[in-house]
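Structure first, then comments.
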There are 2 protein chains.
Amino acid sequence: MSHTPGVRQAQKEKTRRALMDAALRLLEDQSLSSLGLREVTRAVGVAPAAFYRHFRDLSDLGVALVEESLGSLHHMINAILAGQDGDEERIEATVDAVAEHVRGYPAHIRFIARERHGGVRPVRQAIAAELDRFADEVATAFCPQLPAESWPPEDVRMLAELYVDHMVMTATAFLEAQADHPEAADERRVAATARKQMLLISLGRHHWHDA
Amino acid sequence: MSHTPGVRQAQKEKTRRALMDAALRLLEDQSLSSLGLREVTRAVGVAPAAFYRHFRDLSDLGVALVEESLGSLHHMINAILAGQDGDEERIEATVDAVAEHVRGYPAHIRFIARERHGGVRPVRQAIAAELDRFADEVATAFCPQLPAESWPPEDVRMLAELYVDHMVMTATAFLEAQADHPEAADERRVAATARKQMLLISLGRHHWHDA
DNA sequence: AAATTCAGCGAACGGCTGTTTACTGAATGA
DNA sequence: TCATTCAGTAAACAGCCGTTCGCTGAATTT
């Protein structure tokens, strides 16, 4: 059999995960381009040379982290877009979902925010590609809800990009809020601001035909 | 005299600038936390120890770069906000000014985008503080143009933050457009998208009292 | 049971890092 | 004119880095 787990492959996957987890933890207060290969293997407790059994590079590991980090977000968003409730309800659901996701996987979000414009090209490109896919999904989800005569495809795309960028913006704002002081007060303020901003965008969307 | 230039201080300022310029150039394709002190001094052509005559750290140099990078932007924005023209005119002026600034100082913008969420805390904080000042200025500039009864201070602030974040977003979009391919076609597309997004926000702003 | 695969090991390599030290010599001030 | 300041130097320091090598021994296959 080719893809049966087996004791062998199970152990390999285990240390691979350990490497990724250790890297993600170390990346909470430094950027990928300053992360050392030995630093990662030391944190896991394996020899430096063992790293090469799983990744060619640190950028290779970074790309793997990108897929893992944005994969879960992908599922979350589609679930929200499926809900056909009113504007304000969807906005609240979106902001709440983002907040919960940031609370659940802060290291992933921090990694994305940090490396989106970071110093490692392959990782940047992986993030850009994944966010592009995000925008596609948002666009196709919002399309049926918009009057087709005043919303040419490029304008829908424009709206979708604004949504995606605002979500990333909101996520990093949550992150900074919980990093600065762990009280819940700041988080509520960030959520309120994000909701209002989305409401404002939503308002503009409804009056788009005037322009 | 205390602050007359003199040959001595002039030379010192000269190599200080050389260090900052070299760092900025090297930071075009790596992040600050992976930048080496020796790397910078080697690029300038001075001994590594000379660095300490000007900066305590590389983060110290980073903070200096932040002030330089956002200082010029600061002047630009205030000039645009002073213009009391109509909505669309101001939007076009803003996008054009951002585009021109990115074309003029790409390395500064890239540095800000990269280190805004980068791995060096003091630099992150310096950027955050400067962007906060930006939001303050935008808020006080927009305040007299908004009906006071439906725009409490916190909502004005919310709008200002949205504007600032969108400007940063637009600037980095311009940067990536000119990095991917130097043709002007992509730059025009980015500009068109940015204008539409600002118009949409502007539309939402005018109908804010409905909410 | 014998042969093979292969994840992880330990050691070694050259090269680069930040920082300190004592110094030189030109600009400055008395 | 003579003493002082101080930007920049050259050398040395211990320490970490990524990468390569041959090897081991348990899981797998034949």
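Lettering of chains follows the sequences in order, A, B, ..., and the numbering in each one begins at 1.
Donor-acceptor pairing under 3.5 Å, judged by distance alone, is absent between the side chain of A:R53 and the base of C:dC6.
Distances shorter than 4.0 Å separate none of the side-chain N or O atoms of A:Y52 from OP1 or OP2 on D:dT20. One finds a side-chain N or O of A:T15 lying less than 4.0 angstrom from the OP1 or OP2 phosphate oxygen of C:dG8.
A donor-acceptor pair is defined here as one N or O able to donate and one able to accept, closer than 3.5 Å; such a pair exists between the side chain of A:T193 and the backbone of A:R189.
Put simply, CG on A:L24 and CG on A:L19 are 12.5 Å apart, with the number rounded to the nearest 0.5 Å.
A:R42 comes within 4.0 angstrom of the backbone, heavy atoms only, and of no base.
Taking the six-membered ring for Trp and thresholds of 30 and 60 degrees, A:F134 and A:H74 have ring planes more than 60 degrees apart, a perpendicular arrangement.
Using modelled atom types, one finds no donor on one side chain facing an acceptor on the other under 3.5 Å when comparing A:S72 with A:H108.
Between the CZ atom of A:R17 and the P atom of C:dA7 there is a distance of 18 Å, rounded to whole Å. One can place CZ of A:R8 at 7 Å from C1' of D:dA26, the figure rounded to the nearest angstrom. Rounded to whole Å, the distance from CG on B:L58 to P on C:dG18 is 7 Å. Protein atom NE2 of A:H54 is 7 Å distant from nucleotide atom C1' of C:dA7, rounded to whole Å. The distance from atom CZ of B:F51 to atom P of D:dA7 is 15 Å, rounded to the nearest whole Å. Put simply, CD on A:E13 is 18 Å from P on D:dA27, counting in whole angstrom units. Atom-to-atom, CG of B:L26 to P of C:dT17 comes out at 11 Å; the value is rounded to the nearest Å. As a whole-Å value, the separation of B:R38 CZ from C:dG15 P is 15 Å.
In the set C:dA7, C:dT21, C:dC9, C:dC9 carries the atom at the smallest distance from any side-chain atom of A:A49. Listed nucleotides C:dT19, C:dC9, D:dT19 differ in distance to B:P48; the shortest reach to its side chain belongs to C:dT19.
Scanning both residues, B:F55 and B:R16, for their nearest heavy atoms gives CE2-NH1, 3.5 Å.
In terms of position on DNA chain C, the residue among A:V46 and B:L35 whose nearest nucleotide sits closer to the 5' end is A:V46.
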